[in-house]
Amino acid sequence: MLDVKRLRTDLAAVQAGLLRKGVDIDDLTRVVALDEQRRELGERLDEMRARIKDLSRQVGDLRRRGEPDEAEALMAESRRLGEAERDLSARADEVAGDLRDLLLGVPNEPADEAPEGAGESDNVITRVEGADRRWEEYQRVPHWEIGESLGLLDLERGAKLSGSMFVVYRGAGARLVRALCQLALDRNLDAFEEIRPPTLVRTETMISTGHLPKFADDAYHLERDDLWAVPTAEVPLTSMARDEILDEADLPVRLMAHTSCFRREAGSAGRDTRGLLRVHEFDKVEILAYTTPEQAAATHLDLVARAEACLVALGLTYRVVDICTGDLSFSARRCFDLEVYALLVRRLPGPSRQHSLSTR
RNA sequence: GGAGAGAUGCCAGAGCGGACGAAUGGGGCGGCCUCGAAAGCCGUUGUGGGUUUCGGCUCACCGUGGGUUCGAAUCCCACUCUCUCCGCCA
């Protein structure tokens, strides 16, 4: 959630930023108006409360001095003020609530460095890396076929246990998943504290990363306990510091975690759903850092470099895509997708696509 | 799931309706003493919001949310979390 203060002091800049993201900015003026209203109400409330406090103090004094009549008069006045305070306070709460609701719907501003663009087609392919770029030559068989034939993947059983878009890995496949996660963690042990967080979290925790209220349909929710299954370890890792004030000297704080990630993938039924391309539950290692605004860009690039190094270590061919402003997700300022090649359409030399590992 | 105890500042711990934003001790920071240190002594030490003629003024915060009251850390209700005991436990 954006700091309202920025809207107060730098409205034009925020507007310009959101415009670059292609976001409707009508709401912003309403946000500013609400903020102003909230502060104005707050001031009046503060004054009223100060007066009530003062009166109460005087009542105490008068009582002690044995002047109950005078005290009674002040009490009456204070009572009147108290009623007014209650009304005003209710209005202030209402305004503050509206303000928060609106603010939660305002996306993060894109970074200055993010390339301009309206949508996916404007993303910038920064570079293509990898030992062997003739990936199409030998990737003629899609992974779900290799996986099944080698006994690494059991999609049928996955569907039996949990439904479509759930996977059972078996034998060497299961080991591979484990090894991959371990590799990713071990490579970053030099700078990142390893965390094993819960994967079921409170609503507040989901809100802290901007996943709620906006993406409620995409997350699994356990009604009975009011808990959410995390769509990424980013959620618990970010909330580790929620409501805490970190000492700037400790920054950047670097954390990483391997978790299962759960996504309902609502609205994407039928798209890229073969094999492992889009599944409801998968393993992911997240690396994350809390930084000062000044450290952010450089630290982000370090995260990208680390993710890339992992792909290089695996001997994979990939390309780096600098996501343009129009395609940047809700909470993102800047985003590099690291896309690893995978054959999507069986036995068609034509428009194969890439699948991405992303870094925000 | 049942019964009980508790939650106060960086930590420990008092306060149980009126000068409490909070005693006291420890810790931290500054100073005195000292060749230096320890000990001792003196001082200082929360966060956030609003406003400001930048000296301040003011509000909120004692687990969270409500309520009672002229006035709440203190009383009432609900919830959360921690601890102890019992039960259950794939």
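We name chains A, B, ... by the order of the sequence lines, and we start the count at 1 in each one.
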Distance, P atom - from B:rU8 to B:rG4, rounded to whole angstrom: 22 Å
Sticking with atom C1', work out how far B:rC10 lies from B:rU47, rounded to a whole angstrom. 13 Å
Taking any strand in view, what nucleotide pairs with B:rC33 in a Watson-Crick or G-U wobble way, both distances under 3.5 Å? none
As its Watson-Crick or G-U partner within any shown strand, both distances under 3.5 Å, B:rC54 has none
Mate of B:rG4 across any strand shown (Watson-Crick or G-U wobble, both atom pairs under 3.5 Å) is B:rC83
Remember a base hit wins even if backbone is also touched, and classify A:R8 as base, sugar-phosphate or nothing at under 4.0 Å, heavy atoms. sugar-phosphate
Taking any strand in view, what nucleotide pairs with B:rG46 in a Watson-Crick or G-U wobble way, both distances under 3.5 Å? B:rC61
A:R64 CZ - B:rG17 C1' separation (whole Å): 12 Å
Pairs under 3.5 angstrom, nitrogen or oxygen only, protein versus nucleotides 71-80 of chain B, please.
unit_1: B:rG71; atom_1: O4'; unit_2: A:S56; atom_2: OG; d: 2.9

From CD of A:E85 across to P of B:rU69 the rounded distance in Å is 14 Å
B:rG18 C1' sits how many Å from A:L74 CG, rounded? 14 Å
Annotated protein contacts, base or backbone, on nucleotides 53-68 of chain B with a non-hydrogen cut-off under 4.0 Å, one of B, S, - each: -----SSS-------S
In this structure, how many angstroms lie between the P atom of B:rG18 and the CZ atom of A:R65, rounded? 17 Å
Gap between atoms CG and P, on A:D61 and B:rC70 respectively (whole Å): 18 Å
Say we look at B:rC70 and B:rC16: how far apart would their P atoms be, to the nearest angstrom? 22 Å
Taking B:rC59 as the reference, what is the distance to B:rA72 when you measure between their P atoms (whole Å, please)? 13 Å
Go ahead and name the base partner of B:rG21; Watson-Crick or wobble counts if both distances stay under 3.5 Å, otherwise write none. none
When you compare B:rA12 with B:rG17, how far apart are their P atoms, in angstrom units rounded to a whole number? 26 Å
Determine the interatomic distance between P on B:rG46 and the same-named atom on B:rG9; round to the nearest Å. 14 Å
Can you measure from OG1 (A:T325) to CZ (A:R20) and round to the nearest 0.5 angstrom? 5.5 Å
Look at atom CZ of A:R6 and say whether more than 12 heavy atoms of other residues, nucleotides or ligands are closer to it than 6.0 Å. yes
Using 0.5 Å steps for rounding, measure from the CE atom of A:M206 to the NE2 atom of A:H221. 9.0 Å
Atom CG of A:D54 to atom C1' of B:rA19: distance rounded to whole Å? 12 Å
Using the rule given for salt bridge (charged side-chain N to carboxylate O under 4.0 Å, His left out), can you reason through A:D302 versus A:R306, listing the C-alpha separation, both sets of side-chain angles and the distance that settles it, and then say yes or no? CA-CA 6 Å; A:D302 179 54; A:R306 284 170 176 274; 3.1 Å; yes
Paired nucleotide for B:rU74 [Watson-Crick or G-U wobble; both distances under 3.5 Å]: none
Should B:rU69 form a Watson-Crick or G-U wobble pair with both distances under 3.5 Å, which nucleotide is its partner? none
Which whole number of Å gives the distance between the C1' atom of B:rC75 and that of B:rU82? 24 Å
Basic-acidic side-chain contact under 4.0 Å: A:R127, A:E308: yes
What I want to find out is whether A:R333 reaches A:E109 closely enough, with some N-O distance under 4.0 Å, to be called a salt bridge. no
Pair A:D35-A:R39, salt bridge (charged side-chain N to carboxylate O under 4.0 Å, His left out): steps then yes or no: CA-CA 6 Å; A:D35 175 49; A:R39 274 182 302 150; 3.7 Å; yes
Re B:rG9: Watson-Crick or G-U wobble partner, both distances kept under 3.5 Å, found to be none
Whole-Å distance between B:rC81 P and A:E204 CD? 14 Å
With rounding to the closest Å, how many angstrom separate the C1' atoms on B:rG15 and B:rU74? 8 Å
Using a strict cut-off of less than 4.0 Å between a Lys/Arg side-chain nitrogen and an Asp/Glu carboxylate oxygen, indicate whether A:E77 and A:R51 qualify as a salt bridge. yes
A:E204 with A:R202: basic N within carboxylate O range, under 4.0 Å: no
Please check if A:I195 and A:F262 belong to a single hydrophobic cluster, counting links between Ile, Leu, Val, Met, Phe, Trp and Tyr side chain heavy atoms closer than 4.5 Å. no
Under 4.0 Å between a Lys/Arg side-chain N and an Asp/Glu carboxylate O for A:D154 and A:R170? yes
The residue, A:G60 or A:E43, whose nearest nucleotide of RNA chain B is more 5′ is A:G60
